[in-house]
Amino acid sequence: MNAVTMRAVRKRFGQVEAVRGIDLDVPAGSLTGFIGPNGAGKSTSIRMIMSIIHPDEGSVQVLGSDAITAKDRIGYLPEERGLYRRMKVGDFLSYMATLKGVPSQGMHRRIAGWLERVQLQDVAKKRCQELSKGQQQKIQFIASVIHEPELLILDEPFSGLDPVNARLLNRMIRDIHATGRTIIFSTHVMHQAEQLCDRIVLINKGQKILDATMPEIHARFDPRTVEVQPVDADPRCVDALRAIPGVDSAQWVPERRAAELHVARGADPQDVMRAAMAAAPVRSVELRRTTLDDVFVELVGEALPPSEESGNG
Amino acid sequence: MADARSEHAARKVASIAFREFKHTALTKGFIFGALIVPVMMFAAIAAIGALIGSTMAPVSGTLAVLDGSGRVAAFATAELAPEATAREIAEALERNATIMPGGAGTQAMAQAATDAARVDVRVEPVTDPAQEAALRTRVQDGSLLGLAIVTPDVLKADPRDAEGHDATFTLIVPSKSPPRLTRLLEKSVARAIVKARVEAAGSDYTSLNALLSVPETAVRRLATDGKEASESVAAKTLLPVGFMMLLWISTFTSGQYLLTSTIEEKSSKVMEVILSAVSPLQLLVGKILGYALVSAVMLVMYGGMGLAALSAAAMSDLVSPWMLVLMGVYFLMAFAFVSTMMASVGSAVNDLREAQSLVTPAMLILMIPLILWLPISEQPNGMLATIMSFVPPAIPFVMMLRVTASSEPIAPWQVLASIVWGFGWVAVFVWAGAKIFRVGVLMQGKPPTPKELLKWIRMA
């Protein structure tokens, strides 16, 4: 069963077609990452799932019904999020929970429980404007999950969080997912998506260009990056390595004291690895696993015009 | 199932309305700004009125009248007798009562009459002009309340000079003389001079005064249906504008709050969080209901203060129950117009400065009743008033001017037509406002032009 089903969905804003015929199935219980460059159509797609805006064409089904009916069963943390600055934290959470259909009975306990989970047990009586940015983000997160939604949509949840709080949030997302809830997680930070998600949807220019589980992605996209650590850690080895047949680019990565070789399509990475060992005395040669970053660059890079691609590269 | 859904939707709307009401009306800022300040102003006005009419410090002293003829001093003595000053103020009281029958002002004047009776001024007649310098010194050192210098020209039967200017008498008072005492001395000596002139002409002042007294007027308005009613000019002039201002203040103050809160929700990015829980229409309705409550609180409070003031002035009969019913109806209409405009503008802009350019055109139409209140209330059945009664969104404001201005009732069909027509336009405003709101709340960046707003209405 799918938590979200989109069929041939289109959305236009004036002259700009933000979403161009997207078909999408988000399986119930999955943790799906929405990735894509800025302006790709991720937030528009999410807003349509949330029925904040409506598609011009196509259909959106959420949790087996139309999006408006399911509104109270969805939790949403938008990318551009805020709080009522002068409202007290407890009142704000209570207000949001009431709007999401949480009964008033036991509300206080529910709010206190969540505040304790995010280590903010003493802020209920404080005004939102008195909190730090990180604390405000935690409150915003609680507001999106306080009604225990079946589907949770998080749009860039880690932006602005320090590493400690990011880890805390990461753990809570995993905990929520472990209870069987469906999570859609939108980001353009690839390693976060790779770390958290079991499924990836890549959107670019209003179209879905990838929709697969992580194992499928690893299987589909061959590893094409060879990392070579020379014994003497001399960057000058890059010139020799670049000359190996089948290598289309090579660069020195000072943090790892290694050279990174990109293997051209059609060439065999094993041949390149053997040639690298012959070209210079090496400490290690490794065929790196394909990262989501690589996939993103490969797919989105292909879709970009040449000037933009070189700019990114 | 459908019932449960609509009940849940209603609960959401009620939650939004309550939050808006609570965070506006139950704040220190509102209680101080919208409630305490007007109450304090009302109290201050009442206090000033009371102070003006209240206790004049008892006065005891001497007024020197320098008059070569020696005739004025005797009349001045009579004019400054306690019973004469009391009578003078009582007459002023009667004159005042024709404008403001009964009430606090009258009581204040009665108090003043009592105070005037405590004035004890002796008159010292002086006929030798050579003593003027010595008398001036006595005024200067405060041993005289004043010095009146009456020249022979002033006492002539025709006191005008060759150029037609009236001859004058001089009253010299100490620099610290209370203004009310100075006025009393001035009027008393002037009247004494007139009496002296009349006596010199061989006439009787009392008979002549009676002959010259201007009669009081009882203005009655005869309606076309033959009914007759008393006319109170001041009340008739002020009552319509009072009702209209009440509508203005109550609807525009809460409209301003609504505008500000919508802009704040957009700029603080809380809007999208709220829209994940409710639809834009539910949010709009909740906000409008919340601020309708705020507006109603202001209407009841200010209206109650106004009615209390009228009651204190014994003029409560000027307000009929029918006017209050119509006030309620037109209040709903006015609030619907103002709130829909403010909410839709608030949703479309990023700050108050941007809002001004969009609100101004509507404000100009709404200013018309303020500018034209006098001609409309003077001629409530005139063409201008009738036409303006059907121009939205000014309808409720103009109609309140009309229904409270006329002693002739406005034709019932016109009242009914304005209500039907007005609420028809309210439906149009709400429809268009909801469409703008739905698009505007998610828009960021450059504020829309009026043309773009029309596009939003079509596309939403």
Side-chain angles (χ1 to χ4, degrees), chain A residues 12-14 43-44 46-47 49-54 56 65-88 91-104 127-129 136 139-144 146-147 149 151-155, chain B residues 1-2 4-20 22-24 26-30 260-283 286 290 350 438-446 448 452 455-456 458-460:
Chain A
R12 174 180 284 280
F13 296 107
S43 292
T44 304
I46 286 175
R47 282 172 171 183
I49 293 171
M50 285 304 305
S51 76
I52 291 173
I53 54 175
H54 302 283
D56 299 333
S65 62
D66 66 90
I68 294 175
T69 311
K71 213 155 198 171
D72 290 352
R73 295 156 66 198
I74 313 172
Y76 177 44
L77 182 69
E79 182 180 8
E80 291 198 326
R81 45 194 174 250
L83 300 164
Y84 286 107
R85 294 176 62 246
R86 284 188 288 273
M87 216 169 170
K88 288 184 179 161
D91 290 345
F92 173 73
L93 291 174
S94 170
Y95 177 57
M96 288 308 302
T98 306
L99 291 183
K100 285 289 192 180
V102 175
S104 54
R127 291 187 192 281
C128 293
Q129 62 188 6
Q136 287 186 9
I139 300 303
Q140 285 152 349
F141 178 75
I142 295 176
S144 67
I146 193 157
H147 57 299
L151 169 65
L152 177 61
I153 301 176
L154 306 168
D155 199 349
Chain B
M1 174 79 176
R5 208 183 296 170
S6 54
E7 190 190 319
H8 183 46
R11 240 196 338 262
K12 287 184 178 191
V13 168
S15 297
I16 294 166
F18 179 69
R19 194 207 85 86
E20 299 292 348
K22 184 181 168 193
H23 286 268
T24 305
L26 305 182
T27 60
K28 284 177 201 158
F30 180 84
T260 315
S261 97
T262 310
I263 292 174
E264 197 181 325
E265 277 168 353
K266 258 192 94 172
S267 60
S268 69
K269 316 282 184 198
V270 78
M271 187 65 90
E272 197 160 339
V273 177
I274 302 298
L275 288 179
S276 72
V278 297
S279 70
L281 191 63
Q282 286 171 335
L283 178 62
N350 303 302
R438 190 170 143 183
V439 178
V441 286
L442 293 171
M443 286 285 177
Q444 299 288 341
K446 193 170 74 73
E452 281 168 327
K455 210 163 100 186
W456 289 7
R458 285 203 302 272
M459 75 186 251

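Just so we're on the same page: letters track the sequence lines, and every chain starts at 1.
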Counting only heavy atoms closer than 4.5 Å, note whether [X] contacts chain B via side chain, backbone, both or neither.
| X | answer |
| --- | --- |
| A:H147 | neither |
| A:L83 | backbone |
| A:Y84 | both |
| A:D56 | neither |

Next on the checklist: What verdict does the side chain to side chain donor-acceptor pair (under 3.5 Å) test give for A:D91 and B:H23, after you've listed the backbone C-alpha separation in whole Å, the side-chain angles of each residue and the deciding distance to 0.1 Å?
Outcome noted: CA-CA 11 Å; A:D91 290 345; B:H23 286 268; 5.1 Å; no

Next on the checklist: Would B:I274 and A:Y95 count as a side chain to side chain contact (heavy atoms under 4.5 Å, CB included) here? Give the steps.
Outcome noted: CA-CA 10 Å; B:I274 302 298; A:Y95 177 57; 3.9 Å; yes

Checklist entry - So B:V273 and A:Q140, side chain to side chain contact (heavy atoms under 4.5 Å, CB included) or not? Walk me through it. => result CA-CA 9 Å; B:V273 177; A:Q140 285 152 349; 5.7 Å; no

Item to check | Contacting region of B:E264 [heavy-atom separation from chain A under 4.5 Å] | outcome: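 Only the side chain of B:E264 comes within 4.5 Å of chain A.
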
Distance from [X] atom [atom1] to [Y] atom [atom2], nearest 0.5 Å?
| X | Y | atom1 | atom2 | result |
| --- | --- | --- | --- | --- |
| B:S276 | A:I74 | OG | CD1 | 9.0 Å |
| A:M87 | B:K22 | CE | NZ | 7.0 Å |
| A:R85 | B:S267 | CZ | OG | 8.5 Å |
| A:I53 | B:L275 | CD1 | CG | 11.0 Å |

Checklist entry - Of the listed residues (A:M96, A:E79, A:K100), which shares the most heavy-atom pairs with chain B below a 4.5 Å separation? => result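 Winner by heavy-atom pair count: A:K100.
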
Next on the checklist: Counting heavy-atom pairs closer than 4.5 Å to chain A, which one of B:K12, B:M271, B:R11, B:R19 comes out on top?
Outcome noted: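 With the most close heavy-atom pairs to chain A, the winner is B:R19.
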
Checklist entry - side chain to side chain contact (heavy atoms under 4.5 Å, CB included) between A:F92 and B:V270: does it pass, once the steps are laid out? => result CA-CA 11 Å; A:F92 173 73; B:V270 78; 4.2 Å; yes

Item to check | Closest contact, heavy atoms only, B:S15 versus A:L99 | outcome: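 Closest heavy-atom pair between B:S15 and A:L99: CB-CD2, 4.0 Å.
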
Checklist entry - Does the side chain of B:E272 reach to within under 4.5 Å of the side chain of A:M50, using non-hydrogen atoms? => result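 Not in contact.
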
